[in-house]
Amino acid sequence: MPTRRTGWIGGALIAGFIVVLAPPVLLFWNAIQPEPLDSTTLKVRFQSFRYEAGGLVFRYSVRNLTHRTARFVADSTQIRALQPVDRPTVGYANLKLPLELPAESVKEVEFRIELPGTRLSMWREQSDEQTKMVLQHKPPGTPPDNDVPLSPLPIRGEIAANETQPPTQPTFSFEDSLLDLQGFELIETSRGVRLVFPRGW
């Protein structure tokens with residue numbers, strides 16, 4: 001009987017020690033075995049996009065659920081635009097680095113796509129119209145039309161139409177870029193961290 005009672009007391013003491021020592025042991029374990037940086041600990045959410053000086057800027061919010069700061073530095077970080085492999089390049093993605101995501105906080109992150117080209121027909125039409133307007137006004141000191149016979153100056157668009165030119169590569173509008181773009185990927189090569197910023201538009 002005393003032996004059984006002693007056993008219960010010993011078991012209760014051991015359980016008490018486990019309860020008391022569990023938090024420090026857990027903290028120590030987290031210190032030597034840090035939480036992974038991935039989609040489960042870094043939550044990404046699309047916010048908005050806007051056009052800005054020949055490019056598109058995409059804004060995301062990133063919530064860091066870990067107890068440590070996540071850092072992405074230029075030397076070991078790759079930035080990619082996600083798109084179908086059979087489509088022309090959407091643009092050139094960039095992000096301001098270094099990027100720091102403080103522990104247990106939310107931070108806004110902006111990616112910028114430098115667009116490779118847009119449809120230029122509207123610009124050509126405007127350029128031709130401006131050229132015609134300039135030719136309507138003669139510079140000072142120009143003799144009357146009857147004195148000096150001149151042939152009319154050709155418009156750039158007419159020259160381009162008459163010249164034999166190799167077929168030009170197709171260009172794409174902002175709408176094409178938005179349709180093809182599937183998001184962004186941030187890869188930290190030294191630690192093998194891969195973070196996807198998904199399409200949200």
Side-chain angles (χ1 to χ4, degrees), residues 17-123 169-201:
F17 279 121
I18 291 174
V19 170
V20 171
L21 293 176
V25 170
L26 185 60
L27 288 174
F28 177 73
W29 175 254
N30 286 336
I32 63 172
Q33 186 72 25
E35 299 162 288
L37 297 175
D38 53 27
S39 59
T40 62
T41 56
L42 298 175
K43 298 292 185 179
V44 178
R45 183 178 179 183
F46 173 74
Q47 296 290 327
S48 63
F49 76 90
R50 67 184 185 274
Y51 173 73
E52 186 179 274
L56 295 174
V57 179
F58 298 81
R59 176 174 291 182
Y60 291 84
S61 67
V62 182
R63 181 182 294 274
N64 184 356
L65 302 178
T66 69
H67 301 289
R68 62 190 178 114
T69 298
R71 291 181 177 86
F72 297 86
V73 296
D75 292 341
S76 59
T77 302
Q78 298 177 1
I79 305 161
R80 293 195 320 128
L82 301 175
Q83 67 173 100
V85 294
D86 59 342
R87 294 289 291 163
T89 302
V90 170
Y92 309 97
N94 58 68
L95 170 70
K96 187 176 180 181
L97 295 174
L99 171 65
E100 289 197 358
L101 305 174
E104 299 179 334
S105 67
V106 178
K107 183 168 183 175
E108 290 187 346
V109 177
E110 287 189 346
F111 288 87
R112 179 181 170 86
I113 281 281
E114 302 291 345
L115 299 175
T118 58
R119 292 192 179 100
L120 301 177
S121 59
M122 178 176 66
W123 295 103
Q169 296 296 323
T171 54
F172 298 90
S173 66
F174 299 148
E175 291 81 4
D176 294 323
S177 298
L178 289 175
L179 287 173
D180 289 345
L181 185 62
Q182 301 301 313
F184 303 91
E185 187 177 47
L186 199 61
I187 303 173
E188 212 287 338
T189 55
S190 65
R191 291 174 294 172
V193 177
R194 177 179 177 269
L195 194 58
V196 174
F197 293 74
R199 176 191 177 107
W201 48 93

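Below, all heavy atoms of this structure are taken into account, side chains as well, without hydrogens, waters or symmetry copies.
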S.K.: Do you know the tightest heavy-atom contact between E52 and V57?
M.R.: OE2-CG2, 3.9 Å

S.K.: Does R194 reach the main-chain N or O of T189 with its side chain, forming a donor-acceptor pair under 3.5 Å?
M.R.: no

S.K.: So, Q78 side chain and E185 main chain: donor-acceptor pair closer than 3.5 Å or not?
M.R.: no

S.K.: Please test R63 against E104 for salt bridge (charged side-chain N to carboxylate O under 4.0 Å, His left out), starting from the C-alpha separation and ending with a verdict.
M.R.: CA-CA 7 Å; R63 181 182 294 274; E104 299 179 334; over 6 Å; no

S.K.: Is any side-chain heavy atom of F58 less than 4.5 Å from a side-chain heavy atom of L178?
M.R.: yes

S.K.: For S76 and E188, which I'm curious about, is there any donor-acceptor pair between the side chains at under 3.5 Å?
M.R.: yes

S.K.: With no hydrogens and no angle check, is any side-chain donor or acceptor of Y60 less than 3.5 Å from a backbone partner on S48?
M.R.: no

S.K.: Do the side chains of V109 and L186 get nearer than 4.5 Å, heavy atoms only?
M.R.: no

S.K.: Between E108 and R59, does any NZ, NE, NH1 or NH2 come within less than 4.0 Å of an OD or OE carboxylate oxygen?
M.R.: yes

S.K.: Are T77 and L99 packed together at the side-chain level, in the sense that at least one heavy-atom pair is separated by less than 4.5 angstrom?
M.R.: no

S.K.: List the steps and the verdict of side chain to side chain contact (heavy atoms under 4.5 Å, CB included) for L115 and L56.
M.R.: CA-CA 7 Å; L115 299 175; L56 295 174; 4.2 Å; yes

S.K.: Passes side chain to side chain contact (heavy atoms under 4.5 Å, CB included), L101 versus L42? Steps please.
M.R.: CA-CA 9 Å; L101 305 174; L42 298 175; 4.3 Å; yes

S.K.: How about F197 and F111: are their ring centres within less than 6.0 Å of each other?
M.R.: yes

S.K.: Does atom CZ of R45 have more than 12 heavy-atom neighbours, drawn from other residues, nucleotides or ligands, at distances under 6.0 Å?
M.R.: no

